[in-house]
Amino acid sequence: MEQEEQAVEQEEQAWGQEEQAMEQEEQAVEQEEQAWGQEEQAMEQEDEEVEQEEQAMEQEEQAWGQEEQPMEQEEQVMEQEEQVVEQDEQAWEQEDEEVEQEKQAVQQEEQGFKF
């Protein structure tokens, strides 16, 4: 009888140890799952950071483009101003020529009156 009781106790202990082993295994699996989850989160964060960096670079490029536009417009305005100055100079030259022609005409007229 005693041997039988001992055998039953040993069997119960064996069952207890097996149960503990299974619980430990479950915990190990859970920890592994958590580790995977954390790794996934880390990768997602990295992806987000890369995306934000790309967006920042795009915005910087756009900013440069916007900065270039006013400079280009300023250049165009300066070119137009130069053209206006050139046109003014041409107009003055024409005026000078007309005045010169008028002077000559007046001189010719005066000479015509002298005769």
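Numbers here are sequence positions counted from 1. Fair warning: this is a prediction, and the values are worked out from it, not measured in the lab.
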Quick one: [atom1] on [X] to [atom2] on [Y], what's the gap to the nearest 0.5 Å?
X    : Y    : atom1 : atom2 : result
E102 : E100 : CD    : CD    : 10.5 Å
Q87  : Q94  : CD    : CD    : 11.0 Å
M57  : Q59  : CE    : CD    : 12.0 Å
E51  : E44  : CD    : CD    : 11.0 Å

Student check: side-chain heavy atoms of V106 and E110 closer than 4.5 Å: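 A side-chain contact exists here, since the closest heavy-atom pair is under 4.5 Å.
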
Side-chain heavy atoms of E79 within contact of Q83, under 4.5 Å: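 Result no, sub-4.5 Å side-chain heavy-atom pair not found.
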
Residues which pass side chain to side chain contact (heavy atoms under 4.5 Å, CB included) with E89, listed by chain and number, not counting sequence neighbours: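 E89 satisfies side chain to side chain contact (heavy atoms under 4.5 Å, CB included) with V85, W92 once adjacent residues are dropped.
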
Side chain to side chain contact (heavy atoms under 4.5 Å, CB included), paired with W64, selected from Q66, E60, E61: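 Per the side chain to side chain contact (heavy atoms under 4.5 Å, CB included) rule, the option paired with W64 is E60, out of Q66, E60, E61.
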
side-chain contact (heavy atoms from CB on, under 4.5 Å) evaluation trace for Q80 with V84: CA-CA 6 Å; Q80 287 171 344; V84 168; 5.5 Å; no

